[in-house]
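Encoded as structure tokens, the structure appears first; notes follow it.
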Amino acid sequence: MNFITVSIFILTYNQEKFIAQTIESILMQKTNFSFQLVIGEDCSTDATRVICEKYASDYGDKIMLLPSPHINIGLIANYMRTIKECNGKYIAICDGDDYWIDVYKLQKQVDLLENNPNYSIVHTGVKFLFANGEFEDFINLNNLKYNSFEDLICFNFIFSVTAVFRNVQFTNPLPAWVEKYPYGDWSTYLWTIKDKGQIYYIPDITSVYRKNIGVSSGLKDSYSIDVNILKDIYSYINCDINKEILLICIFDKEWGFLVEQNAKKEYKKAFVLFIRLIKQKKEKLFWIKYYLHSLVNNFFRIKTHQLTK
């Protein structure tokens with residue numbers, strides 16, 4: 001395969017029940033361009049590797065199965081080694097337990113990116129699949145207005161199974177700090193549009209996302225992870241406006257965490273964070289009053305709760 005328009009990377013580990021459906025859903029895509037599956041299989045202990053090898057043998061022109069790491073290296077290390085092998089003009093993600101249901105998914109997204117150079121990421125609506133076998137359609141029309149770096153730093157509203165984005169690795173490889181965190185998709189999207197590029201949302205359901213399984217569903221400290229990702233990317237941003245917006249977002253997230261700690265009666269932790277944050281502000285009196293106000297509100301909330309018991 002000479003020129004690849006889209007590289008679809010699949011991360012999989014112990015997903016023998018799902019991986020064939022994932023691969024088949026990608027192979028059924030109808031496009032007028034070339035695409036390639038890049039599979040990062042992370043030393044599974046079940047039949048996942050055997051299934052992937054069979055597909056790689058049958059579809060050698062479309063599937064690149066990365067060598068087994070011989071030991072399980074974990075999600076983020078597997079993420080980094082797999083995305084580095086993606087040589088397409090664009091990249092799509094489909095985890096080994098998710099799958100696509102619209103045969104024109106890639107064609108729709110690539111057409112949009114090809115015809116609109118100002119867009120760098122295109123994502124779509126999604127269908128949730130719960131453990132009990134029930135489905136739920138999810139089309140968030142608010143995503144039509146969430147289209148910028150400023151929006152994306154607030155929270156990751158992109159379901160990875162629906163995303164296609166420009167491959168910036170040729171000129172701007174992902175930095176090593178991405179490997180510090182348990183997931184890489186949000187960091188990758190931010191890296192893709194940190195200096196330019198917008199996000200486009202197609203309100204069509206193209207993919208199925210299995211809910212409440214995987215690494216991200218079990219994370220308990222996503223606040224500190226998100227804040228540290230934003231802090232790490234800050235020094236790499238060339239756009240002054242985006243830098244300013246990022247600093248405001250980091251402060252807002254940390255202040256929100258401070259209020260949350262007071263609500264949990266973690267007053268010492270909240271106060272230590274308050275001292276660090278207040279040093280960043282010129283209007284110290286305002287923020288001191290704001291902090292005390294949150295404490296008073298929390299005190300009355302606790303008292304009211306006790307009286308109504």
**Prompt:** Taking atom CZ of F274 as the centre, does the number of heavy atoms from other residues, nucleotides or ligands within less than 6.0 Å exceed 12?
**Reply:** yes
**Prompt:** Among side-chain atoms of N14 and T45, is any donor-acceptor pair under 3.5 angstrom?
**Reply:** yes
**Prompt:** Less than 6.0 Å separating the ring centroids of F9 and Y79?
**Reply:** yes
**Request:** Can you see which heavy atom on P203 is nearest to which on L141, and at what distance?
**Result:** CB-CD2, 4.2 Å
**Spacing of F159 atom CZ and S207 atom OG [to the nearest 0.5 Å]** = 11.0 Å
**Request:** Quick one: closest heavy-atom pair of C94 and I26, and the distance?
**Result:** CB-CD1, 4.0 Å
**Asked** Between the main-chain N or O of N238 and the side-chain N or O of D195, is there a donor-acceptor pair closer than 3.5 Å?
**Response** yes
**Request:** Determine whether the side chains of Y55 and E24 contain a donor N or O and an acceptor N or O closer than 3.5 Å.
**Result:** yes
**Request:** Carefully, step by step, assess I76 and Y183 under the rule side-chain contact (heavy atoms from CB on, under 4.5 Å).
**Result:** CA-CA 6 Å; I76 192 61; Y183 45 80; 5.8 Å; no
**Request:** Quick one: closest heavy-atom pair of G40 and T82, and the distance?
**Result:** CA-OG1, 3.4 Å
**Prompt:** Got a sec: does the CD1 of I275 have more than 12 other heavy atoms crowding it under 6.0 Å?
**Reply:** yes
**Request:** Would you indicate whether E244, at its atom CD, is surrounded by more than 12 heavy atoms from other residues, nucleotides or ligands within a distance under 6.0 Å?
**Result:** no
**Asked** With distance as the sole test, does W191 use its side chain to make a donor-acceptor pair with the main-chain N or O of N172 at under 3.5 Å?
**Response** yes
**Verdict with reasoning, E85 to R81, per salt bridge (Lys or Arg N to Asp or Glu O under 4.0 Å)** = CA-CA 7 Å; E85 297 298 325; R81 77 167 182 136; over 6 Å; no
**Message:** For D97, is there any backbone N or O sitting under 3.5 Å from a side-chain donor or acceptor partner on D95?
**Reply:** no
**Asked** Does the T48 side chain pair with the main chain of E16, one donor and one acceptor, at a distance under 3.5 Å?
**Response** yes
**Message:** Can a side-chain donor-acceptor contact be found between T188 and D185 if the only test is distance below 3.5 angstrom?
**Reply:** no
Sequence neighbours left out, cut at 3.5 Å: what donor-acceptor pairs do the side chains of residues 118-129 make with other protein atoms?
residue	atom	partner	partner atom	Å
N118	ND2	Q198	OE1	3.4
T124	OG1	T206	OG1	2.7
K127	NZ	D137	OD1	2.5

**Message:** Between W177 (side chain only) and I233 (backbone N and O only), is there a donor and an acceptor less than 3.5 Å apart?
**Reply:** no
**Item:** K84 vs Q169 side-chain heavy atoms within contact, under 4.5 Å
**Value:** yes
**Complete:** Heavy atoms of F170 and N87 approach each other most closely as CZ-O, 3.3 Å
**Message:** Show the nearest heavy-atom pair for residues G88 and S7, with the distance to one decimal.
**Reply:** N-OG, 2.8 Å
**Asked** Between S57 (side chain) and E53 (backbone), is there a donor-acceptor pair under 3.5 Å?
**Response** no
**Prompt:** Counting only heavy atoms not in F135, do more than 12 sit closer than 6.0 Å to its CZ atom?
**Reply:** yes
**Message:** If only side-chain N and O atoms count, and only distance matters, is there a donor-acceptor pair under 3.5 Å linking Y146 with N140?
**Reply:** no
**Short side-chain to backbone donor-acceptor contact, W100 and V161, under 3.5 Å** = yes
**Request:** Begin with the C-alpha distance, continue with both residues' side-chain angles, and end with the deciding distance and a verdict on side-chain contact (heavy atoms from CB on, under 4.5 Å) for L277 and F251.
**Result:** CA-CA 7 Å; L277 292 176; F251 182 89; 3.8 Å; yes
**Asked** Does the side-chain contact (heavy atoms from CB on, under 4.5 Å) test come out yes or no for I93 and F165, once each step is laid out?
**Response** CA-CA 9 Å; I93 303 175; F165 51 94; 3.9 Å; yes
**Asked** Do other residues, nucleotides or ligands put more than 12 heavy atoms under 6.0 Å from E150 CD?
**Response** no
**Message:** Tell me if a side-chain donor or acceptor on T192 pairs with a main-chain N or O of V168 at a distance below 3.5 Å.
**Reply:** no
**Prompt:** If only atom types and distance count, is the side chain of K194 paired as donor or acceptor with the main-chain N or O of Y234 below 3.5 Å?
**Reply:** no
**Request:** Taking the six-membered ring for Trp and the single ring otherwise, decide whether the centroids of F157 and Y189 are under 6.0 Å apart.
**Result:** no
**Request:** Please name the pair of heavy atoms, one in N167 and one in C86, separated by the smallest distance, quoted to 0.1 Å.
**Result:** ND2-O, 2.9 Å
**Request:** Take L152 and L190 through the test side-chain contact (heavy atoms from CB on, under 4.5 Å) and record every step on the way to the result.
**Result:** CA-CA 7 Å; L152 190 59; L190 291 170; 3.8 Å; yes
**Request:** Describe, in one word, how the ring planes of F35 and F33 are oriented to each other, choosing from parallel (under 30°), tilted (30 to 60°) and perpendicular (over 60°).
**Result:** perpendicular
**Request:** Determine yes or no for a side-chain-to-main-chain donor-acceptor pair under 3.5 angstrom, with D42 supplying the side chain and I73 the backbone.
**Result:** yes
**Request:** Give the C-alpha distance, both sets of side-chain angles, the deciding distance and a yes or no for salt bridge (Lys or Arg N to Asp or Glu O under 4.0 Å) between R276 and E254.
**Result:** CA-CA 10 Å; R276 181 166 62 79; E254 292 194 307; 2.9 Å; yes
**Fill in**
Across all chains, not counting sequence neighbours, the salt bridge (Lys or Arg N to Asp or Glu O under 4.0 Å) partners of D204 are K108
